[in-house]
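Report on the following structure.
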Amino acid sequence: MKKVTVIGAGGQMGQWFSKYFASKGFEVTGYDSESKIGGKDIIESDSLVGAILKADYVVLCTPTRRTPEIIRLIAKEMKRGTYLIEISSEKSKVVSSLSKMPAKINPICIHPMFGPGVKTIKGQNIISVPIKDAKKELTVAKSLFEGANFVTIDAVEHDKKIAVILGLTHLMNLVFANIISKDEKMLLTEKMSGTTFRVQKTLAESIMTESPELIETIIANPEIRRVAEELWKDIGRLLTAVQESKTEEVINYIKECQERLAKHTDINESYKKLTKMVKVVEK
């Protein structure tokens, strides 16, 4: 029976991976220095090094900031030929630690693009970042997470894309959630609200179920600076144009945006999807 150890097994993703591997017939050992480990079929270890000595696979579900140091701590203690799987949302520093590991350990650097609420891995997106042997690493990842969709991209490009995919969405929704959280007449607001507000509020609130540390890591991605500055600049520009009654400038901004979107998306289809989503949610 293959043995897998999950470091950070008490966290949300740690619990998800522990359950996932247990359901696949692995012997699962969990270690967590901060949170309590729950779940049947999970062997709890009270020592980091003890947890990894016999493992065939070690999965790091640890805070991104601490991951490079944990890699350094455990890599030399792991058995020859075993796999160290890392799932953090920002890759540049982690990749440099993974590439410095002893040659006897195989690195697998992935970023699961789903949260702990998903019931099945089927159809979920996983990003794979090559470290030493791209082909071998991808093959192993695909065999462990059968049914997922894989995209391979290098660490620098990963962090640039994630600045938009996670950084921008988290930044906007965090601020939106902060503003609506101060609304003293929320019941009235909800009674008055239409589709757009309800969907946006649901999205913002669901992002706020993540740990403050994870959200901070996501918006601290240095690559977000570029995107966030454009957001800041454009909001300023639009507000100024509105105040100065430059109607045409605002309308042109909107039209240009619609034209660019139309090259890749059918926005009318998106509106239909939104209506469907609301129907499902409001049932």
Side-chain angles (χ1 to χ4, degrees), residues 12-13 16 89 111-120 123-125 160-221 223-283:
Q12 290 183 317
M13 286 308 274
W16 191 92
S89 57
H111 183 184
M113 295 304 291
F114 54 85
V118 304
K119 296 282 180 277
T120 168
Q124 298 294 341
N125 293 339
K160 278 185 185 163
K161 282 272 179 225
I162 291 300
V164 176
I165 296 168
L166 289 178
L168 189 61
T169 46
H170 278 65
L171 189 63
M172 294 194 305
N173 281 288
L174 169 62
V175 176
F176 180 84
N178 187 47
I179 291 168
I180 63 167
S181 70
K182 296 172 185 166
D183 182 353
E184 309 220 317
K185 294 187 174 159
M186 196 38 147
L187 284 173
L188 176 62
T189 307
E190 282 181 347
K191 275 183 189 159
M192 292 169 63
S193 71
T195 319
T196 320
F197 179 79
R198 286 205 298 273
V199 170
Q200 186 65 59
K201 180 173 180 282
T202 306
L203 176 59
E205 288 169 348
S206 63
I207 282 178
M208 297 312 289
T209 63
E210 294 167 9
S211 76
E213 290 74 18
L214 176 61
I215 297 172
E216 191 275 332
T217 300
I218 287 170
I219 62 178
N221 172 353
E223 292 292 341
I224 198 181
R225 201 59 211 245
R226 227 170 10 96
V227 197
E229 278 174 1
E230 189 177 346
L231 171 74
W232 188 249
K233 192 177 89 223
D234 280 21
I235 288 177
R237 186 181 136 193
L238 288 167
L239 287 176
T240 307
V242 168
Q243 278 160 349
E244 294 172 1
S245 305
K246 291 180 178 164
T247 316
E248 204 141 312
E249 192 180 318
V250 179
I251 287 175
N252 285 338
Y253 182 96
I254 298 164
K255 278 184 177 164
E256 282 168 18
C257 175
Q258 287 168 329
E259 281 160 19
R260 279 194 303 270
L261 281 176
K263 289 177 188 163
H264 304 285
T265 331
D266 179 345
I267 55 179
N268 294 319
E269 273 306 305
S270 298
Y271 185 71
K272 282 179 195 160
K273 280 181 194 164
L274 179 77
T275 318
K276 272 187 199 155
M277 274 157 63
V278 173
K279 270 187 192 149
V280 172
V281 173
E282 308 279 298
K283 265 178 188 167

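- In terms of heavy atoms, S270 sits closest to T265 at OG-CG2, 3.9 Å.
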Problem - Steps toward side chain to side chain contact (heavy atoms under 4.5 Å, CB included) verdict (T275, T195) - result: CA-CA 8 Å; T275 318; T195 319; over 6 Å; no

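- The pair E230-K233 does not meet the salt-bridge criterion, since no charged nitrogen lies less than 4.0 angstrom from a carboxylate oxygen.
- Using a 4.0 Å cut-off between a side-chain N of Lys or Arg and a carboxylate O of Asp or Glu, R225 and E229 qualify as a salt bridge.
- Residues A228 and L171 share a closest heavy-atom pair of CB-CD2, 3.8 Å.
- Contact between I165 and T169 at its shortest, heavy atoms only, is O-OG1, 2.8 Å.
- To the nearest 0.5 Å, atoms CD1 (I219) and CD1 (I224) are separated by 6.5 Å.
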Problem - Trace of the side chain to side chain contact (heavy atoms under 4.5 Å, CB included) decision for H111 with L166 - result: CA-CA 12 Å; H111 183 184; L166 289 178; 3.7 Å; yes

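- The shortest heavy-atom contact between E223 and V227 is O-CG2, 3.9 Å.
- The minimum heavy-atom distance linking D234 with Y253 is given by the pair OD2-OH, 2.6 Å.
- Partners of A262 according to the side chain to side chain contact (heavy atoms under 4.5 Å, CB included) rule, which considers only residues two or more places apart in sequence or in another chain, do not exist here.
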Exercise for the section: Decide side chain to side chain contact (heavy atoms under 4.5 Å, CB included) for K201 and E190; before the verdict, give the C-alpha distance in whole Å, the side-chain angles of both, and the deciding distance to 0.1 Å. Expected result: CA-CA 10 Å; K201 180 173 180 282; E190 282 181 347; 2.5 Å; yes

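- The CG atom of L187 sits 12.0 Å away from the NZ atom of K185 when rounded to the nearest 0.5 Å.
- Around the CG atom of L188, the shell of radius 6.0 Å holds more than 12 heavy atoms that belong to other residues, nucleotides or ligands.
- One side chain, Q200 or N173, offers a donor N or O that lies under 3.5 Å from an acceptor on the other.
- Atoms OG1 and CZ, from T189 and F197 in turn, are 6.0 Å apart once rounded to the nearest 0.5 Å.
- Partner of K246 under the side chain to side chain donor-acceptor pair (under 3.5 Å) criterion, chosen from E248, Q243, E244: E244.
- One N or O on the side chain of R198 and one on the backbone of S193 form a donor-acceptor pair closer than 3.5 Å.
- Remark: the backbone N or O of E205 is not paired with any side-chain donor or acceptor of T209 at under 3.5 angstrom.
- A 4.5 Å side-chain heavy-atom check between L203 and F176 finds every atom pair outside the cut-off.
- Expressed to the nearest 0.5 Å, how far CD of E256 lies from CD1 of I254 amounts to 10.5 Å.
- Taking 4.5 Å as the limit, every side-chain heavy atom of L174 sits out of range of all side-chain heavy atoms of I207.
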Exercise for the section: Determine, step by step, whether M113 and I162 satisfy the side chain to side chain contact (heavy atoms under 4.5 Å, CB included) criterion, reporting the C-alpha distance in whole Å, the side-chain angles of both residues, the deciding distance to 0.1 Å, and the verdict. Expected result: CA-CA 10 Å; M113 295 304 291; I162 291 300; 3.9 Å; yes

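- With rounding to the nearest 0.5 Å, the separation of CE in M208 from CG in N178 is 7.5 Å.
- In plain terms, the two heavy atoms of Q12 and E210 that are nearest each other are OE1-CA, 4.4 Å.
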